[in-house]
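Side chains are part of it too, since the values below use all heavy atoms of this structure and drop only hydrogens, waters and symmetry mates. From a predicted model like this one, the values you see are computed outputs, not experimental measurements.
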Amino acid sequence: VAVPLRPVLSTPREPSLIPGVLIIAGGRGVLLEGPSGAGKSDAAVALLDRGHTLVADDAVRLHRDGDRLLGGCPEDGRGLLHLRDLGVIEVTRLYPGAFRPWAEIGLCLRLQPEPGASEAEGLLQGRRDDRWLLGIRLPRITLTDSARRPLAPLIEAAAGQPDRPAEPAGTASRGTG
């Protein structure tokens with residue numbers, strides 16, 4: 001089941017705000033997207049515990065700088081992480097030095113709570129496509145069954161992979177989601 005994402009409508013110079021979590025894992029800005037309850041914030045706290053850095057939780061402010069896509073945290077959410085059942089925690093107090101106000105986004109991971117289809121190609125090659133934000137193509141990987149999987153090591157593995165083509169030439173659409 002694909003997770004519909006709302007389009008980001010903006011000109012390249014205007015910042016946009018989208019739902020999600022932005023973390024720096026292995027030196028790479030990773031945008032986590034998915035529906036409420038998919039595990040985005042839980043994955044972020046697990047990554048913080050493993051030494052990575054939070055940029056934004058719940059809302060990510062996007063800005064295009066040439067051919068780079070930058071993501072940051074809205075002012076009122078800086079250094080805060082919203083965890084289901086715990087409430088708001090101050091990242092800067094619990095994980096000193098583990099917050100940055102912005103990062104270049106290099107990868108998008110879509111967390112899908114439901115199990116994915118068991119077609120062999122998706123299982124063997126990965127569930128990859130492109131995510132276009134403010135006219136910039138990001139490689140995107142969908143992690144299925146996100147509620148029952150160890151997301152932190154999967155996100156670290158994805159962040160450490162070199163970019164690979166999402167689909168054969170001519171099959172990827174330049175949509176917004």
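Atoms OG1 and CG, on Thr92 and Leu81 in that order, are 11.0 Å from each other to the nearest 0.5 Å. Note that OG of Ser16 is 10.5 Å distant from NE2 of His63, once rounded to the nearest 0.5 Å. Here the straight-line distance linking atom CG of Leu143 with atom CD of Gln112 works out to 9.5 Å at 0.5 Å rounding. For the atom pair OG1 (Thr144) and CG (Leu111), the distance works out to 10.5 Å, reported to the nearest 0.5 Å.
Thr142 and Arg110 are linked by a side-chain donor-acceptor pair at a separation below 3.5 angstrom, with hydrogens and angles left out of the test.
For Asp57 (side chain) and His82 (main-chain N/O), a donor-acceptor pair under 3.5 Å exists by modelled atom type. A donor-acceptor pair is defined here as one N or O able to donate and one able to accept, closer than 3.5 Å; no such pair exists between the side chain of Arg140 and the backbone of Arg137. Listed for the Lys40 side chain is a donor-acceptor partner under 3.5 Å among the backbone atoms of Gly34.
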**OP:** Could you please spell out the steps behind the side chain to side chain contact (heavy atoms under 4.5 Å, CB included) verdict for Leu69 and Leu134?
**Re:** CA-CA 8 Å; Leu69 182 64; Leu134 301 184; 3.9 Å; yes
**OP:** Please report the C-alpha distance between Leu47 and Asp49 in whole Å, then the side-chain angles of each, then the deciding distance to 0.1 Å, and finally whether the side chain to side chain contact (heavy atoms under 4.5 Å, CB included) criterion is met.
**Re:** CA-CA 5 Å; Leu47 288 162; Asp49 211 40; over 6 Å; no
Subject >> Verdict with supporting geometry, Arg28 and Glu104, salt bridge (charged side-chain N to carboxylate O under 4.0 Å, His left out) >> reply: CA-CA 8 Å; Arg28 189 175 195 186; Glu104 180 176 355; over 6 Å; no
Subject >> CA sep, side-chain torsions, deciding dist, call: Asp130, Leu138, side chain to side chain contact (heavy atoms under 4.5 Å, CB included) >> reply: CA-CA 6 Å; Asp130 295 323; Leu138 293 174; over 6 Å; no
Subject >> From CA spacing to verdict: side chain to side chain contact (heavy atoms under 4.5 Å, CB included), Glu33, Cys108 >> reply: CA-CA 7 Å; Glu33 296 184 303; Cys108 180; 3.0 Å; yes
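In terms of heavy atoms, Pro74 sits closest to Leu17 at CG-CD1, 3.6 Å. In terms of heavy atoms, Gly71 sits closest to Val60 at CA-CG1, 4.1 Å. Considering every non-hydrogen atom in both Arg50 and Pro153, the closest pair reads NH2-CB, 3.9 Å. The two atoms that bring Pro115 and Arg148 nearest to each other are CG-NH2, 3.8 Å, heavy atoms only. Nearest heavy atom pair, residue Ala158 against residue Leu107, reads O-CD2, 3.7 Å. What you find for Val55 and Gly72 is that their closest heavy atoms are CG1-CA, 4.0 Å.
In this structure, Arg149 and Leu154 have side chains that are in contact, with non-hydrogen atoms separated by less than 4.5 Å. Considering only heavy atoms from C-beta on, Ile105 comes within 4.5 Å of Leu62 through its side chain. Ile24 places none of its side-chain heavy atoms less than 4.5 Å from the side chain of His52. Between Ser146 and Glu114, the closest side-chain pair of non-hydrogen atoms is not below 4.5 Å.
In the hydrophobic clustering of this structure, Leu70 does not group with Leu32; members are Ile, Leu, Val, Met, Phe, Trp, Tyr whose side-chain heavy atoms approach within less than 4.5 Å, directly or through other members. Leu80 and Leu94 sit in two unconnected hydrophobic clusters of ILVMFWY residues. Membership requires side-chain heavy atoms under 4.5 Å apart, directly or through other members. The cluster map of Ile, Leu, Val, Met, Phe, Trp and Tyr, joined by side-chain heavy atoms under 4.5 Å apart, puts Trp102 and Leu22 in different clusters. If you chain together hydrophobic residues whose side chains sit under 4.5 Å apart, Leu151 and Leu83 fall into the same group.
Checked against Val21 for a side chain to side chain contact (heavy atoms under 4.5 Å, CB included), the options Asp58, Leu54, Leu31 give a single hit: Leu54.
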